[in-house]
Structures are given as C-alpha cells and as structure tokens.
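Single-structure report; data block below.
Atoms considered below: every heavy atom in the structure, side chains included; atoms not considered: hydrogens, waters and symmetry mates.
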Protein chains: 2
Amino acid sequence: MAKPKSQAIQARRIRPTIHDVAKAAGVSIATVSRALNSPDSVRKELRERVVAAADSMDYMADSVGKALRRQRTQIISTMLPRLADPLFSAVASAIQETLEENGYLGFVQTSGFDNTNLFDRAKRLIEHGTEGLIIFGRIDDQRLLDYCRAHQLPLLSAYSYFEKAEVPTIGFDNYLATRQLVEMLHTLGHSRIAMISGSDKGNDRQQSRIRAFRDINAELGQEPVIEFTHMDFDMADGGAALRRIMENHPETTALVCNRCVIAFSVMVEARRLGIAVPEHLSLTGFDDIDYAALFDPSLTTVAVPSEKIGRAAAKAMIAHLETGAPLGSRRFETEVILRRSVARPRATA
Amino acid sequence: MAKPKSQAIQARRIRPTIHDVAKAAGVSIATVSRALNSPDSVRKELRERVVAAADSMDYMADSVGKALRRQRTQIISTMLPRLADPLFSAVASAIQETLEENGYLGFVQTSGFDNTNLFDRAKRLIEHGTEGLIIFGRIDDQRLLDYCRAHQLPLLSAYSYFEKAEVPTIGFDNYLATRQLVEMLHTLGHSRIAMISGSDKGNDRQQSRIRAFRDINAELGQEPVIEFTHMDFDMADGGAALRRIMENHPETTALVCNRCVIAFSVMVEARRLGIAVPEHLSLTGFDDIDYAALFDPSLTTVAVPSEKIGRAAAKAMIAHLETGAPLGSRRFETEVILRRSVARPRATA
DNA sequence: TCGTAGTTTGTAAACGTTTACTGTTCTTAA
DNA sequence: TTAAGAACAGTAAACGTTTACAAACTACGA
C-alpha cells in the first residue's frame, strides 16, 4: 500500500481548522460544520462539546474554504476616483457600512479620474472573487462592459446618474442639478453668469455640468462663458480663472463654480481684488461639503445625498445577488442650498 | 463500480476555470497552471496554445482556489474610525494604493471612534483571510491583542504614534505635536492659552493632545483651561465653547483647537461676537486640511504627513509578510504651519 | 543500438469547507 | 420482542488551484 504522498505546505497562518475542532470534540468534521451552521441538526450534547472546543481555540471558519465550496464570496468591490475626497469618501463609507451590516465585505480601489482603462485595474478585484462591482461615474471601458456581460458579473455605476447608460446607475443627475442652480440665479435676476469648471477630461460630472450650462446659454441665445482651472487634490486655483473672467467679461454678476474648493479659492482671490461677494458678484459651489457653511460669506451650493446614494447602491447590489432582483437605475434629488454668497445682481449700467 | 456521486453546485458566477482552459488547449490542468505561472517550464508550442485558449475565454485564475492551495490571500485589511474624514481617508488612500502597487488587496472597515470592541468587527476581516491588520489609533481591545498574538496575525497600529505601545505603531506623535504648537505660541509671548477639544472618549488623539496641554500648564504652574465641544462628522460647535472661555477666562489671548473644524466654527462665532482674529485672539487648528489655508484669516495648524504614514504602514506590513522582517514602530515628524490666524498677543492691562 | 541525463507532461494530493448520501442508533408502536 | 421510522453522525466528494512525484519523451555520447 503506497503511503500517501505528503505535500505539506508551510503554514503562514497558524489558525485552527475544522479538523482541529473535530479532533478536540471527538466528532467528524461534518458534525462540526453542522453544529456551527445549523445547530438544530445536531444533538444538544454534541453541539455543546463542539461549540466549547471551537471557542476554546478561537476557531473561525475560513472564508476561503467556505467560498470555494459555496461558490459565494460575499465580496462586493468599489472603484472610485479618489478616496481622499469628501465627495466620494462619504459615498464609499456608506457603501462599506451597508455591506458590513449585511454580512458582506468590500474591496476599495481608486481609479483616478480616468474611467477608460478600468478593466486592468478591476482585474485583481474580479480574481479575488468580487461578486458585484460598483463603479463611480460613467464607465467608458468597453472591455470591462463586455467582460461583465459575458461572465454575468453584476456591474453598477454609482454617484452620477445618467438618463441613458449602458449599465444601471444610482446617483444624482449633474445636468439637472446644474440647471436648477443656474435657473435659481436667473430667477434672482442674474443674466450674466459665468462658469468655472475643473478639467472635464474623463470626468462625467464636469461634463454634465458644462453641458447643462451650455444648453441654458443656448436657450437664452447667449455665448457661454466658461473658464477651466487646474484642480489638484483638494486645492484649486480659481483665482486666475476669476481674473480672466473679470477682465474679459466684467459684466458678469454671478459665478458658478463646479466644485466647492474652486469657489473657496475664488472667494479668497475676490477678497484680495476687492470684489465684494455677494454685493458685486454672486458665487456658488457644488456638492455641499460641510465647510461651505463656515466660510464668510457662507457658500451657496448643491447638496448631494451622498449617504443615501451609497446605501442604495450597496443595497441594490446585495438584493440582486441574493434574490436575483434586476439591478435598476435610481435617481436621487439634489437640493440647492441658498446661502449668503448669493444675492440679487448689482444694478448694472 | 459505484458511479461518482455528483454534488453539482449551482454556479452563481459563470467564469471559466483552469479545467476549461485545459480542455480547450488539449492539455492537463497542471500544464495550464505552469504555462501561466512559470512559462519557462513548458514547451513554447504548448505554452502558446494555452495562452491563446486562456485569452480567448478571458480566463483569470480564481484567487479563492489559489489562496486555498497557497495558503496566502495577499489581503491586508484596515480599520479606521471614519472613512468620510479627510484626516483618515488620506492615510487610507495611501495604504490602498501601496497595497495595489505591490499585488495586494485590502478590505476597509470603519470602527467608529471606539477602539475597545474591535475584535468583533475585525472577525469578518480575519475570517476572510486577512494576512495583516492595520488599525488606526491605539488598540484597546485585549481580546484582539490576544488573538493576534496567539495566532500570529500581524497587527499594526497606524496614524498615531505611541512611545510605548503593545504593538508596533507608525504615525505621528500627537503629544509632541501639541507641545510644539503651544510652545510656539509661548515663544510669541502668549501666556494665557486655552484649549478646545473634541470628545476624548476612546480617542487617543484628543487624549494625547489634552495630556500635552495639561503637562505644559503644570510646568508653568497654571491651571489648564480646557473646554470640550461636541463634534458631529465634519461639523463642530466651537461657538459655545468660545463663549464659555471668553466669559470665564477673558484674559485668554490664544486658543488651541484640537481639530480644524473646531477652529473654523470658532472663527465664525468670533466674527459674530466681534472678536478680532488674530488681533484680539490667536487661533490654531490641527491636521492641516487643505481648507485651512483658504479661510480668512488663514488658519495656523499642524501638518500631518498622511500619505507618508499610509505608505509606510502598508510597506512595513508587506515587508513583514514577505521577508519576515519584524514590524517596527516609526515616528513621523509634524510641522507647525504658521498662518495669519496667529499673531503676538494683544497688549494686556 | 543502447543507456543516461535532461526536459517536458500528466497524475493525484492537498488546502478548508459544505453537504448528499449512507449507515447507525434511538424511539415507539404493534 | 421486533419492525419501522425518525433522528443523528460519519464518509466522501466537490469547489479551483499548485506542485511533488512519476512517467514519458528527447537528445546525445559511447
């Protein structure tokens, strides 16, 4: 009789297995598994012996073995542009919490602001057993779309909402939100409105906001005034953009900044230039980060229901995995938060 | 001969396995594995056939099977108080990026601001094959410490640095940083300094800062003036604390706020009360979030090298896992960023 | 032509689980 | 006392990999 070949692997991790528990409790591994997973199916006395043995050695069933057998990992991964950004991290945080509450776990990976090459970055997530993928923003990588379709990997686009998208989207509509904001300014009497945007390259949020602004201007028969500004992390140089606008379009009475940080830096520069906000120039930001209320003057912005979006995205994905309910799109409302940085336009000549 | 019992499992995920590739290429699964993992060990012709077959069906080796066999998951998990907080998310982001660059993947879980009951929350991370655990702040859960020691699970405390800690710590020293800051104010001539802190319950950062402040006051033979303020997410109500201090200790010439958001809210209230910053009252924050420079007056704070800390923590853990190098502690320097919110004290009567 | 060494491929075991099936023991009614 | 059925426990297969070992083939020198 050939003695069994031994292929012992040096264990990195000294963790008791179900075999250790079985031996300690004097039962088979099947009984251990049942005692822990469906306690009713094993006699009280044995069950207690098993539980005692398991507790005494801090036994935790290894999810890797479990995942292999069950063909379920309970892992849902998220890709987002940048984690160190209050806009996104609020949503990501809500996702992670919702996952945890429902027995799932999530990988988080940053994608940068370019969604065209997602597949390669998502690969490792998929390899590691990701059952569902939540991606912030519009997904521009055809390979990823094809892969997910071919292999039935549920894919959800979160944060931004799109009227027509290749995959279900859960989020808010940047186009609509910007329209709301600009129309509010119109209602107040502003007719000369300029926009300062961050780079719109690969950034669906800026793209939608710009498109909304252009559309409104077109409807009014005006030439849109848009300046771009470099944004680095949480800093933006809105100052230079402000100077360009003031020089080339001094008739401007309201300035729509596509991110709060842009508005903040514009405010600093305005103060330096002696431009009174809001008396001479009304100013708005976007995404109502908490600091917006603390600036002087406090900043008018669009509030985004980040937490709701995150929870909804995670819940939708979980429901899909567990009940097969189809992944649907969902649009969340934004709200214009009117603060002191906006007033009626100054009297123009 | 008994026909093999079939225990087919309904596959959730339609992903090709190594068997599919083997069949398509007309080789054994061992050859597929070798062709993909150590290409030199298989004949060119076969290798190409295998690679072609694998590519044609988007084959990715399943990390679950791989992890089970290799006894390595390459997963390093992080627990941090709150993800939607620029302080922490900057560090977490650096960790995730470093992990990814080195072939690892990371779970992220929030712990809230209480580190006494970590074990239960960490359980799922451990079950899922976490090879190393990075936890923000001081670890107060003895069960977790015991478990990690008993089962050789590498544990690292990041963000805060502690002179003497049960586990290796990588971060900055809140005690020292606060001393630096207060001593700088002293050097400028301030002798009546008050502190506004967030809750110190289960929060080692606030605790260290308060301790430093008490120590300095003790050395000067002064009674420390400390007010606490409620902090909710990124908002703080420093206003009430400011009023209490101005009422009970009108001689105060400098105010040390233990978080930037506290300082921001204090600034707002000071303006309302007509207290000039910095002419009447100097003001400091902590952790140099980007907005600090944009406020008016710009805020003096302590800059924390978040990204360096995150990268160092991730790298240390990876090195430990791969080379067995012992996990060591490391202290990063902070820097006082002097801005306009601080000036010499007003002339006192 | 043969033996030998080197190269390449296949077979099967192992990683830690869950669970279908089978076998054993216990209970209960005739 | 015995048969039948219920309740419980154990055996073994399976999930997708990697890899030790064995087997087969190749090249080459004598």
Side-chain angles (χ1 to χ4, degrees), chain A residues 2-23 25-50 54 57 59-74 126-129, chain B residues 2-23 25-50 54 57 59-74 126-129:
Chain A
K3 82 172 208 283
K5 312 172 192 183
S6 168
Q7 287 190 30
I9 296 174
Q10 90 293 15
R12 148 166 315 283
R13 168 190 67 164
I14 321 292
R15 258 177 72 182
T17 74
I18 199 171
H19 289 92
D20 301 321
V21 178
K23 197 183 295 176
V27 298
S28 74
I29 59 166
T31 300
V32 174
S33 178
R34 278 188 292 249
L36 299 176
N37 294 316
S38 47
D40 293 340
S41 67
V42 22
R43 194 157 39 96
K44 182 162 174 267
E45 184 218 332
L46 272 199
R47 191 197 322 142
E48 286 170 355
R49 236 160 66 203
V50 168
M57 58 180 77
Y59 172 72
M60 295 182 206
D62 177 19
S63 293
V64 174
K66 196 181 282 212
L68 186 56
R69 165 68 209 206
R70 286 204 174 142
Q71 293 296 86
R72 291 283 327 263
T73 58
Q74 312 223 103
I126 299 172
E127 282 174 359
H128 268 78
Chain B
K3 81 172 208 285
K5 311 172 190 180
S6 167
Q7 287 190 30
I9 295 175
Q10 90 291 14
R12 148 167 314 284
R13 159 193 73 162
I14 322 291
R15 259 176 72 183
T17 73
I18 198 170
H19 290 93
D20 300 321
V21 179
K23 197 182 295 177
V27 298
S28 75
I29 59 167
T31 301
V32 174
S33 177
R34 278 188 292 252
L36 299 176
N37 295 315
S38 47
D40 293 340
S41 67
V42 20
R43 195 157 40 95
K44 181 159 175 271
E45 183 218 333
L46 272 199
R47 193 197 323 143
E48 286 170 352
R49 236 163 63 206
V50 169
M57 58 181 76
Y59 172 72
M60 295 184 207
D62 177 17
S63 293
V64 174
K66 195 182 282 215
L68 186 57
R69 162 69 209 202
R70 286 203 174 144
Q71 293 295 86
R72 291 283 328 262
T73 57
Q74 312 225 99
I126 299 173
E127 283 173 358
H128 269 78

- OP1 or OP2 of C:dT18 sitting under 4.0 Å from any side-chain N/O of A:K66? yes
- Message: Under the side chain to side chain contact (heavy atoms under 4.5 Å, CB included) test against B:P16, which residue among B:M60, B:M57, B:K23 passes?
- Response: B:M57
- Task: Grab the CG-C1' distance between B:L68 and D:dT19 for me, whole Å please.
- Result: 14 Å
- For A:H19, does its backbone N or O pair with a side-chain atom of A:T17 as donor and acceptor, under 3.5 Å? yes
- N or O in side chain of A:Y59 less than 4.0 angstrom from C:dG16 OP1/OP2: no
- Message: Looking at A:R49 and A:A25, would you say the former's side chain and the latter's main chain have a donor-acceptor pair under 3.5 Å?
- Response: yes
- Message: OP1 or OP2 of C:dG10 versus the side-chain N and O atoms of B:T31: is any pair under 4.0 Å?
- Response: yes
- Of B:G65 and B:S28, whose closest DNA chain C nucleotide lies nearer the 5' terminus? B:S28
- Closest heavy-atom pair, A:R15 versus B:I126, reported as atoms and distance to 0.1 Å, is NH1-O, 2.9 Å
- Query: How long is the line joining CG of A:D62 and P of D:dC15, in whole Å?
  - Reply: 19 Å
- Item | Between NE2 on residue B:H128 and OG1 on residue A:T73, distance to nearest 0.5 Å | 6.5 Å
- Query: Within this structure, what is the CE-to-C1' distance between B:M60 and D:dT17, rounded to whole angstrom?
  - Reply: 16 Å
- Taking only the side-chain nitrogens and oxygens of A:Q71, find out if one of them lies under 4.0 Å from OP1 or OP2 of C:dT17. no
- Heavy-atom side-chain contact between A:V64 and A:L68 under 4.5 Å: no
- Rounded to whole Å, the NE2-P distance (A:H19 to C:dA14) equals 11 Å
- Ignoring hydrogens and geometry, is there a side-chain-to-backbone donor-acceptor pair from B:R47 to B:P39 under 3.5 Å? yes
- Message: Any donor-acceptor pair, under 3.5 Å, between the side chain of B:R69 and the base of D:dT17, if you only look at N and O atoms?
- Response: no
- Message: By the 4.0 Å heavy-atom rule, please label A:T17 as base, sugar-phosphate, or nothing.
- Response: sugar-phosphate
- Item | Protein-nucleotide distance (B:R70, atom CZ; D:dA20, atom C1'), rounded to Å | 15 Å
- Note on the structure: What residues 35-50 of chain B contributes to the DNA chain C interface at heavy-atom separation below 4.0 Å is B:V42, B:R43, B:L46
- Nearest-Å distance, CG (B:D20) to P (D:dC15)? 11 Å
- Message: So for B:R34 and C:dG10, does any side-chain atom that can act as donor or acceptor lie under 3.5 Å from a complementary atom in the base?
- Response: yes
- Task: Let me know the distance between CD1 of B:I29 and P of D:dG16, rounded to the nearest Å.
- Result: 11 Å
- Message: Within the 4.0 Å heavy-atom criterion, would you say B:S33 contacts the bases, only the backbone, or no part of the nucleic acid?
- Response: base
- Task: Using a heavy-atom cut-off of under 4.0 Å over every strand shown, decide if B:A61 touches base, sugar-phosphate, or nothing.
- Result: sugar-phosphate
